[in-house]
Amino acid sequence: MATRKKTVAKRKGGLTVDDVREMALALPSTEERPSYGTPGFRVSDKLFARVLDDDSIVIKVDFDHREALLDSKPDMFQVTPHYQDWPMVIVRLRTVNRRLLQALLKEAWRRCASAKVLKALEPAAAAPKRAVKKAPARRRSV
């Protein structure tokens, strides 16, 4: 009997909510919890992204970055009146590419991660080395 390969259905021309979940949960200390009835992604108990529907998500960004995104790619990003006063931008999954979405999620994650979480990510080589004091040399008496 022949076995079938399991295939994951991809929407033509865009990313899926499962893609978003995979990228968000790959970030350290991220957890998924419901937010207004849809999947939300948090770090340090702060929401940095959440699914709106099958076609869009909302991601935390600062206001200047949001304006730049809206101006440069209006087919990809939008803001509804509900989000106008919040540092969030809606991302259309059909038009955004994986690389850009990963960068946006990572930036949002960094904005929300606590200092403790960020510090834990620092490589040991980046940590300042303590100066080791040597005991003074002893003179031998003859």
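Just so it is clear, the values below take in all heavy atoms, side chains as well, and ignore hydrogens, waters and symmetry mates.
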A.B. asks: Could you walk me through whether K60 and K46 pass the side-chain contact (heavy atoms from CB on, under 4.5 Å) check?
C.D. replies: CA-CA 10 Å; K60 189 170 229 172; K46 292 182 185 175; 5.7 Å; no

A.B. asks: Could you walk me through whether R42 and C112 pass the side-chain contact (heavy atoms from CB on, under 4.5 Å) check?
C.D. replies: CA-CA 8 Å; R42 297 173 178 268; C112 294; over 6 Å; no

A.B. asks: Restricting to non-hydrogen atoms, name the atom on L105 and the atom on A49 that form the minimum distance, rounded to 0.1 Å.
C.D. replies: CD2-CB, 3.7 Å

A.B. asks: So, do W109 and V117 sit near enough that their side-chain heavy atoms are less than 4.5 Å apart?
C.D. replies: yes

A.B. asks: Under a 4.5 Å cut-off applied to non-hydrogen side-chain atoms, are I90 and S56 in contact?
C.D. replies: yes

A.B. asks: Which value, rounded to the nearest 0.5 Å, describes the distance between L93 atom CG and M76 atom CE?
C.D. replies: 11.0 Å

A.B. asks: Between R21 and E32 (side chain of the first, backbone of the second, donor and acceptor by atom type, cut-off under 3.5 Å), is there such a pair?
C.D. replies: no

A.B. asks: Using 0.5 Å steps for rounding, measure from the CD atom of E22 to the CD atom of Q102.
C.D. replies: 8.5 Å

A.B. asks: Considering only heavy atoms from C-beta outward, does the side chain of F41 approach that of L47 to under 4.5 Å?
C.D. replies: no

A.B. asks: Nearest 0.5 Å please: distance from the OH atom of Y83 over to the CE atom of M88.
C.D. replies: 6.0 Å

A.B. asks: Identify the heavy atoms of L118 and R110 that sit nearest to each other, and give their distance.
C.D. replies: CD2-NH1, 3.5 Å

A.B. asks: Tell me, do L15 and N97 make a side-chain contact under 4.5 Å, heavy atoms counted?
C.D. replies: no

A.B. asks: Are the charged groups of R98 and D19 less than 4.0 angstrom apart, N to O?
C.D. replies: yes

A.B. asks: Is there a side-chain contact between P28 and L121 (heavy atoms, below 4.5 Å)?
C.D. replies: yes

A.B. asks: L25 and L27: same hydrophobic cluster, using ILVMFWY side-chain contacts below 4.5 Å?
C.D. replies: yes

A.B. asks: So, applying side chain to side chain contact (heavy atoms under 4.5 Å, CB included) with L69, which one of D64, I59, V89 is it?
C.D. replies: V89

A.B. asks: Less than 4.5 Å apart, side chain to side chain, heavy atoms only: is that true for D62 and R111?
C.D. replies: yes

A.B. asks: The test is side-chain contact (heavy atoms from CB on, under 4.5 Å); show your working for W86 and V58 and say whether it passes.
C.D. replies: CA-CA 11 Å; W86 297 97; V58 65; over 6 Å; no

A.B. asks: Hey, are the side chains of F77 and T95 touching, using non-hydrogen atoms and a 4.5 Å cut-off?
C.D. replies: no

A.B. asks: Exactly one of D53, D55, D75 should register a salt bridge (charged side-chain N to carboxylate O under 4.0 Å, His left out) with R94. Which one does?
C.D. replies: D55

A.B. asks: Could you tell me if R50 and T38 have a donor-acceptor pair between their side chains, going purely by distance under 3.5 Å?
C.D. replies: yes

A.B. asks: Test of understanding: clusters of I, L, V, M, F, W, Y form through side-chain heavy atoms closer than 4.5 Å, transitively. Do V17 and M23 belong to the same one?
C.D. replies: yes

A.B. asks: Applying side-chain contact (heavy atoms from CB on, under 4.5 Å), run through Y36 and L52 and close with a yes or a no.
C.D. replies: CA-CA 9 Å; Y36 299 101; L52 291 177; over 6 Å; no

A.B. asks: Would you check if the side chain of R33 reaches a backbone N or O of D45 as a donor-acceptor pair within less than 3.5 Å?
C.D. replies: no

A.B. asks: Taking all non-hydrogen atoms of both residues, which atom of S114 and which atom of S44 are closest, and how far apart?
C.D. replies: N-OG, 2.8 Å

